[in-house]
*Asks:* 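Can you keep this structure in mind? I'll have questions shortly.
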Amino acid sequence: CWLAVGCSDKTIQLWREGKLAQVLVKHVGSVNTVGWSPDDRRLASGSEDGTVIIWDTQTWQVSDTLRGHFRNVNTLEFSPDGSLLASGADDKLIRLWNPGNGQLQRTLNGHSGMVLSVVFAPQQPLLLSSSSDKTIRVWEVESGRLVRVLEGHTDVVYKIACSHDGQLLASKGDDDTVRFWRGDATAPLTVLEESTEPQLWLGGLAFHPQLPWLATLGKKDRVIRLWE
C-alpha cells in the first residue's frame, strides 16, 4: 500500500509502511496535487509548472506528460472507470484527458476564477468542480455541457467531495462553512458555520468510501473529525 505526497521541492514522495520508499523527480515546479487511477496502475501529478504527469506505477517511469494548462494545476481526479482524468487549474479551465494515450478529450470553460477542486460523481456521468469564483459547477462528462451552478458560499470554495452513493455533496469554503448539497438541488441542504462549530475552519474534507461518514481537517487545531 503506497502513499503519494506532492511536495513544494518539485518532487513526489512515495511512502510505504511508514517509510519513505522512493522520490519521483520530473516537475519543474511545486507539486500541488496527486491522484491514483482506480486500478492503481497509474499515478497522476499536477504542478505549478502547468503540466500533468502520468507515472507508470509498475516502473515509476513517466508514461506521459500532459500539456495544456497555462498556470498552476491545482486538482486531479480519475473517473470511476479510469478512462478519463480531469484536471483543474489557475487558468480557470477544466481539462478532460484520456490517460491511456494522453489525448485531450475536451475542455470545460465556465468558471470565472481558479479551479481548485474536481470530483466525478460516483453513480452518474457527471463532473463537479469548485472555484475561487465562489461557485460549484456540475458538468455532463460526455458532452461537456454545464448542467447547473450551485451558489451559496460567500468566498472561495476550496474543496468538494461526494458521498459513496453520489447522493450527497460536501463543499468547504473560505467563508468558514461546510455546506451539504443533495441530488439536483441548487440550494444547500445543511450549512455548518464556524460561529457554531469553531473547529470547522477546515483544511480538507473527504467522505468514507462505503459508510455515511465525512472526515474534516481543522486548519486551526489540526484535528481530524468524523461526522455521521
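One-based numbering along the sequence shown. These numbers come from a predicted model, not from an experiment.
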*Asks:* Determine yes or no for a side-chain-to-main-chain donor-acceptor pair under 3.5 angstrom, with Q105 supplying the side chain and Q103 the backbone.
*Replies:*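 Confirmed, Q105 side chain pairs with Q103 backbone.
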*Asks:* Flag the pair W97 / D64 as yes when at least one side-chain heavy-atom distance between them is below 4.5 Å, and no otherwise.
*Replies:*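 The answer is no, as the side chains (C-beta and beyond) never meet within the 4.5 Å cut-off.
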*Asks:* Within a strict 4.5 Å, meaning less than it, do heavy atoms of the K92 and D133 side chains meet?
*Replies:*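 Contact flag for K92/D133 side chains = no.
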*Asks:* So, for N98 and G100, which heavy atoms are closest and what is the spacing to 0.1 Å?
*Replies:*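 What the structure gives for the nearest pair is OD1-N, 2.8 Å.
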*Asks:* Could you go step by step and tell me if H111 and I94 meet the side-chain contact (heavy atoms from CB on, under 4.5 Å) rule?
*Replies:* CA-CA 9 Å; H111 281 294; I94 301 160; 4.3 Å; yes
*Asks:* If you group Ile, Leu, Val, Met, Phe, Trp and Tyr by side-chain heavy-atom gaps below 4.5 Å, do L168 and L211 land in one group?
*Replies:*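 No.
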*Asks:* When rounded to the nearest 0.5 angstrom, what is the spacing between CG in N32 and OG in S8?
*Replies:*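 One finds 10.0 Å between CG of N32 and OG of S8.
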*Asks:* Indicate yes or no: at least one non-hydrogen side-chain atom of I12 is less than 4.5 angstrom from one of I53.
*Replies:*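 No, side chains not in contact.
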*Asks:* Say you draw a straight line from OG of S63 to CG of N101; how long is it, rounded to the nearest 0.5 Å?
*Replies:*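 Result: 11.0 Å between the selected atoms.
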*Asks:* Please check: side-chain N/O of N72 versus main-chain N/O of N74, any donor-acceptor pairing under 3.5 Å?
*Replies:*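 Side chain of N72 to backbone of N74: no pair is present.
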*Asks:* Quick one: does L128's side chain get under 4.5 Å of C162's, heavy atoms only?
*Replies:*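 Yes, close enough: below the 4.5 Å cut-off.
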*Asks:* Measure the spacing between OG of S129 and CD of E77 and express it to the nearest 0.5 Å.
*Replies:*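 Here the interatomic distance stands at 12.0 Å.
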*Asks:* Check the hydrophobic clustering (I, L, V, M, F, W, Y; side-chain heavy atoms under 4.5 Å; chains of links allowed) and say if L127 and W36 are grouped together.
*Replies:*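 Looking at the clustering, W36 is in a separate group from L127.
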*Asks:* Kindly give the heavy-atom pair with the smallest separation between A4 and V34, and that separation in Å.
*Replies:*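 Looks like O-CG2, 3.7 Å.
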*Asks:* Looking at CG of L96 and CZ of F120, how far apart are the two atoms once the value is rounded to the nearest 0.5 Å?
*Replies:*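 Reported value, rounded in 0.5 Å steps: 5.5 Å.
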*Asks:* Could you tell me whether the side chain of D49 and the main chain of V28 form a donor-acceptor pair under 3.5 Å?
*Replies:*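 Between the backbone of V28 and the side chain of D49 there is a qualifying donor-acceptor contact (under 3.5 Å).
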*Asks:* Is it true that atom CH2 of W60 has more than 12 heavy atoms of other residues, nucleotides or ligands lying nearer than 6.0 Å?
*Replies:*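 Yes, CH2 of W60 has more than 12 neighbouring heavy atoms, counting only those of other groups under 6.0 Å.
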*Asks:* Taking all atoms of both residues into account, what is the closest heavy-atom pair of L226 and A215, and its distance?
*Replies:*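 Of all heavy-atom pairs spanning L226 and A215, the closest is CD2-CB, 3.7 Å.
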*Asks:* V52, V141: one ILVMFWY side-chain cluster at the under-4.5 Å cut-off?
*Replies:*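 Looking at the clustering, V141 is in a separate group from V52.
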*Asks:* Would you call E142 and P125 a side-chain contact if the rule is heavy atoms closer than 4.5 Å?
*Replies:*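 No - every pair of side-chain heavy atoms lies 4.5 Å or more apart.
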*Asks:* Going hydrophobic residue to hydrophobic residue with side-chain gaps under 4.5 angstrom, can you get from V31 over to L76?
*Replies:*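 Different clusters.
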*Asks:* Do S47 and V73 have side chains that get closer than 4.5 Å, going by heavy atoms?
*Replies:*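 The answer is no, as the side chains (C-beta and beyond) never meet within the 4.5 Å cut-off.
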*Asks:* With no hydrogens and no angle check, is any side-chain donor or acceptor of H208 less than 3.5 Å from a backbone partner on Q210?
*Replies:*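 Yes; judged by distance alone, with no hydrogens or angles, the pair exists.
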*Asks:* In Å, rounded to the nearest 0.5 Å, how long is the span from CD of E140 to CZ of R145?
*Replies:*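 Going from CD on E140 over to CZ on R145, the span is 4.5 Å.
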*Asks:* With no hydrogens and no angle check, is any side-chain donor or acceptor of S117 less than 3.5 Å from a backbone partner on I160?
*Replies:*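 Here the side-chain-to-backbone pair exists.
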*Asks:* Check whether any side-chain N or O of R95 sits under 3.5 Å from a backbone N or O of R67 as a donor-acceptor pair, and report yes or no.
*Replies:*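 It does not hold such a pair.
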*Asks:* For a side chain to side chain contact (heavy atoms under 4.5 Å, CB included) with W139, tell me which candidate from L146, V147, V118 qualifies.
*Replies:*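 With W139 as partner, side chain to side chain contact (heavy atoms under 4.5 Å, CB included) holds for just one option, L146.
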*Asks:* For residues P80 and P122, report the shortest heavy-atom separation together with the two atoms involved.
*Replies:*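 So the two residues come closest at CG-O, 4.4 Å.
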*Asks:* Looking only at non-hydrogen atoms, find the nearest pair between I136 and S171 and report the distance.
*Replies:*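 Heavy atoms only, the tightest pair is CD1-CB, 3.5 Å.
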*Asks:* State, with a plain yes or no, whether a side-chain heavy atom of L150 is found less than 4.5 Å away from one of L169.
*Replies:*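 Heavy-atom side-chain distance check passes, below 4.5 Å.
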*Asks:* Can you tell me if S132 uses its side chain to pair, donor with acceptor, with the backbone of M114 under 3.5 Å?
*Replies:*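 Confirmed, S132 side chain pairs with M114 backbone.
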*Asks:* L104 and L85: same hydrophobic cluster, using ILVMFWY side-chain contacts below 4.5 Å?
*Replies:*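 L104 clusters together with L85.
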*Asks:* Indicate the atoms forming the closest heavy-atom contact of R137 with V149, along with that distance.
*Replies:*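 Scanning both residues, the minimum pair turns out to be NH1-CG2, 3.6 Å.
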*Asks:* Would you say W2 and D40 make side-chain contact, with heavy atoms under 4.5 Å?
*Replies:*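 Contact flag for W2/D40 side chains = no.
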*Asks:* If you round to the nearest 0.5 Å, how far is OG1 of T107 from CG of L93?
*Replies:*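 Between atom CG of L93 and atom OG1 of T107 there are 6.5 Å.
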*Asks:* So, does E48 use its side chain to make a donor-acceptor pair with the main chain of S30 at under 3.5 Å?
*Replies:*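 Yes; judged by distance alone, with no hydrogens or angles, the pair exists.
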*Asks:* Verify, without hydrogens or angle tests, whether S131 (side chain) and T135 (backbone) share a donor-acceptor contact under 3.5 angstrom.
*Replies:*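 Not at all, since once roles are kept as given, no pair shorter than 3.5 Å links the two residues.
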*Asks:* Looking at L116, is its backbone amide N or carbonyl O close enough to the side chain of S130 to form a donor-acceptor pair, meaning the two atoms are under 3.5 Å apart?
*Replies:*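 No, because the side chain of S130 does not come within donor-acceptor range (under 3.5 Å) of the backbone of L116.
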